[in-house]
There are 2 protein chains.
Amino acid sequence: MKSEPHKVFEQLLNSKGLKVTKQRKDILDYLLKARKHVTPEDIYRDLNKKDANIGRATVFRTLHLLENAGFADKIQFADGRLAYEHKFARPHHDHMICVECSGVLEFSNATIEKIQDEISKKFLFKPLWHRHEIFGRCKKCNKMD
Amino acid sequence: MKSEPHKVFEQLLNSKGLKVTKQRKDILDYLLKARKHVTPEDIYRDLNKKDANIGRATVFRTLHLLENAGFADKIQFADGRLAYEHKFARPHHDHMICVECSGVLEFSNATIEKIQDEISKKFLFKPLWHRHEIFGRCKKCNKMD
DNA sequence: ATGATATTGAGAATCAGTCTCAATTATATA
DNA sequence: TATATAATTGAGACTGATTCTCAATATCAT
Ligand SMILES: [Mn+2]
Ligand SMILES: [Mn+2]
Ligand SMILES: [Zn+2]
Ligand SMILES: [Zn+2]
């Protein structure tokens with residue numbers, strides 16, 4: 001049984017004349033099953049632990065594909081590292097990122113989103129996407145100092 | 001006559017047992033005079049046009065120093081490039097960044113800032129800094145498509 | 001002026017990400 | 001199913017940004 005996200009992804013590939021490959025399916029799968037934001041290197045390492053070998057280039061290519069299609073989003077830790085999460089059946093949200101443990105808390109606030117749109121309009125700026133990241137110390141890391 | 005920011009910077013250096021060097025003064029000066037967000041490479045290139053030569057390493061080292069001291073902030077363009085601006089007598093603000101021309105518009109909104117703090121508190125997250133960047137097309141680039 | 005110490009720039013090293021290209025794979029069609 | 005065509009792949013070279021190393025130099029307290 002093929003999950004809904006896989007179906008949707010394959011429809012996208014078909015509609016663009018792209019091919020449904022094992023690598024693309026594996027990477028989407030990995031993102032769907034991940035419980036946290038994962039780095040390209042996580043994906044590369046973990047998928048190569050199993051059977052198949054998959055190239056780094058393919059990991060990056062596929063992440064870009066998913067991102068451009070609106071199926072994945074990225075966040076950036078305090079040290080610059082990028083991490084991805086899938087967007088299937090997940091509403092938009094922003095992040096609080098711990099500078100100690102790189103733990104991520106998610107939040108969303110309708111008022112903030114509304115004000116953003118008003119500001120954009122005022123400046124005649126056409127917003128495409130945004131990132132709103134709060135860096136600090138999570139509850140746990142705060143206690144330990 | 002030494003400007004206030006230079007005085008403050010030198011106080012910081014003294015208080016940390018660091019030395020007041022020509023390179024550090026030149027880089028601060030460059031930031032103070034820049035009318036826009038500048039990249040490390042901008043600084044490196046322009047300062048080397050004149051007399052002195054200054055190493056790339058020193059540019060990065062000094063930017064980190066200023067950033068950690070709270071005297072400079074960075075933003076990141078859609079393609080990942082970093083740019084800096086000084087924070088002397090400039091209140092906090094966030095950015096709208098054009099994905100076409102990398103032009104930057106600045107905004108600040110007290111309500112958004114307040115809600116952020118409330119959210120942080122709710123999650124027992126201790127915020128240190130944040131970035132709120134809206135990517136899209138500026139008025140000019142929007143017209144041209 | 002001297003000496004202790006911090007700073008410097010050149011260039012090597014690192015790192016994430018991109019590019020190249022020959023071999024492989026997916027898919028449409030017969 | 002076999003074939004033809006075009007997209008995809010992984011290895012590894014390459015890139016650009018940043019960091020590191022270290023011997024030479026500059027700063028500053030004395
Ligand atoms: Mn998230
Ligand atoms: Mn700004
Ligand atoms: Zn933490
Ligand atoms: Zn623009």
Side-chain angles (χ1 to χ4, degrees), chain A residues 2 6 9-30 37-69 72 74-84 102, chain B residues 2 6 9-30 37-69 72 74-84 102:
Chain A
K2 196 177 289 180
H6 277 287
F9 186 39
E10 297 189 11
Q11 277 164 19
L12 170 90
L13 294 174
N14 288 329
S15 77
K16 293 201 162 191
L18 303 176
K19 290 172 179 174
V20 176
T21 64
K22 179 171 189 313
Q23 290 86 342
R24 284 174 176 162
K25 287 188 285 189
D26 284 351
I27 291 170
L28 173 56
D29 230 48
Y30 186 93
H37 301 75
V38 296
T39 66
E41 195 60 23
D42 289 333
I43 300 173
Y44 174 77
R45 185 181 5 80
D46 292 348
L47 289 183
N48 279 314
K49 269 181 196 157
K50 321 201 169 200
D51 45 30
N53 64 337
I54 191 169
R56 256 177 260 266
T58 299
V59 172
F60 284 105
R61 284 188 288 235
T62 303
L63 286 171
H64 292 158
L65 182 56
L66 288 165
E67 199 185 350
N68 292 333
K74 60 176 180 300
I75 65 169
Q76 191 167 31
F77 297 115
D79 62 9
R81 282 158 40 238
L82 290 174
Y84 290 79
S102 288
Chain B
K2 196 176 290 181
H6 274 98
F9 184 40
E10 297 188 11
Q11 277 165 18
L12 170 90
L13 294 174
N14 287 329
S15 77
K16 293 200 163 192
L18 303 175
K19 291 170 179 176
V20 177
T21 64
K22 179 170 188 316
Q23 290 87 340
R24 285 173 175 163
K25 287 187 285 189
D26 284 352
I27 290 170
L28 173 57
D29 229 48
Y30 186 92
H37 300 76
V38 296
T39 66
E41 195 59 23
D42 288 335
I43 300 172
Y44 173 77
R45 183 181 6 79
D46 291 348
L47 288 184
N48 279 313
K49 270 180 193 156
K50 320 204 169 196
D51 44 31
N53 64 337
I54 191 169
R56 258 177 257 265
T58 299
V59 172
F60 285 104
R61 286 188 287 233
T62 303
L63 286 172
H64 293 158
L65 182 57
L66 289 165
E67 199 184 351
N68 293 334
K74 60 175 180 300
I75 65 170
Q76 191 167 31
F77 297 115
D79 62 8
R81 282 158 41 237
L82 289 173
Y84 291 79
S102 289

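The sequence lines fix the lettering, A, B, ..., with proteins before strands; numbering per chain opens at 1. Computed from a predicted model, the values in this text were never measured in an experiment. FYI, side chains are in, hydrogens and waters are out, and symmetry mates aren't considered; it's all heavy atoms of this structure.
- Here the CG atom belonging to B:Leu18 is positioned 8.5 Å from the CZ atom belonging to B:Phe9, to the nearest 0.5 angstrom.
- Distance check: A:Arg81 CZ to A:Asp42 CG gives 8.0 Å after rounding to the nearest 0.5 Å.
- A straight line from OH of A:Tyr44 to P of D:dG10 spans 9 Å, rounded to a whole angstrom.
- At whole-Å resolution of the value, CD1 in B:Ile54 and C1' in C:dA10 are 14 Å apart.
- With rounding to whole Å, B:Phe60 atom CZ is found 12 Å from D:dC20 atom P.
- No donor-acceptor pair under 3.5 Å is formed between the side chain of A:Thr58 and the backbone N or O of A:Ile54.
- Using a 4.0 Å cut-off, some side-chain N or O of B:His64 falls inside it from OP1 or OP2 of D:dT19.
- Between the CZ atom of A:Arg45 and the P atom of C:dC15 there is a distance of 15 Å, rounded to whole Å.
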Task: Verdict with reasoning, B:Arg56 to B:Glu41, per salt bridge (charged side-chain N to carboxylate O under 4.0 Å, His left out) - done: CA-CA 8 Å; B:Arg56 258 177 257 265; B:Glu41 195 59 23; 2.7 Å; yes
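- Look at A:Arg56 and you won't find any side-chain N or O under 4.0 angstrom from OP1 or OP2 of D:dA11.
- Atom CD in B:Glu41 sits roughly 16 Å away from atom P in D:dT15 (whole-Å rounding).
- Checked by atom type and distance alone, the side chain of A:Ser15 pairs as donor or acceptor with a backbone atom of A:Leu12 at under 3.5 Å.
- A salt bridge between B:Glu10 and B:Arg24 is absent, with no side-chain N of the basic residue lying under 4.0 Å from a carboxylate O of the acidic one.
- Considering only side-chain atoms of A:Ala57, the nucleotide from D:dG12, C:dT8, C:dG17 that sits closest is D:dG12.
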Task: Contact letters for nucleotides 23-28 of chain D, in which S counts primed atoms plus P, OP1 and OP2 and B counts the base, heavy atoms under 4.0 Å - done: ---BBS
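- Between the CD atom of A:Glu67 and the P atom of C:dT18 there is a distance of 10 Å, given to the nearest Å.
- In this structure the side chain of B:Leu63 never reaches within 4.5 angstrom of the side chain of B:Leu82, judged on heavy atoms.
- Rounded to 10°, the angle separating the first-five-pair axis and the last-five-pair axis of the helix from C:dA1-D:dT30 to C:dA30-D:dT1 equals 40°.
- A close approach under 4.0 Å does occur between a side-chain nitrogen or oxygen of A:Asn53 and OP1 or OP2 of D:dA11.
- One interatomic measurement links the two molecules: CD of A:Gln11 to P of C:dT27, which rounds to 14 Å at whole-angstrom precision.
- A:Asp26 places no side-chain N or O within 3.5 Å of a backbone atom of A:Gln23 that could act as its donor or acceptor partner.
- Nearest to the side-chain atoms of B:Pro40 among the listed nucleotides C:dA10, D:dT18, C:dG17 stands D:dT18.
- Here A:Asp29 contributes atom CG and A:Lys25 contributes atom NZ; the two are 9.5 Å apart, rounded to the nearest 0.5 Å.
- Among the atoms of the strands shown, base atoms are found under 4.0 Å from some heavy atom of A:Arg61.
- Rounding to whole angstrom units, CZ of residue A:Arg24 and C1' of D:dA7 are separated by 8 Å.
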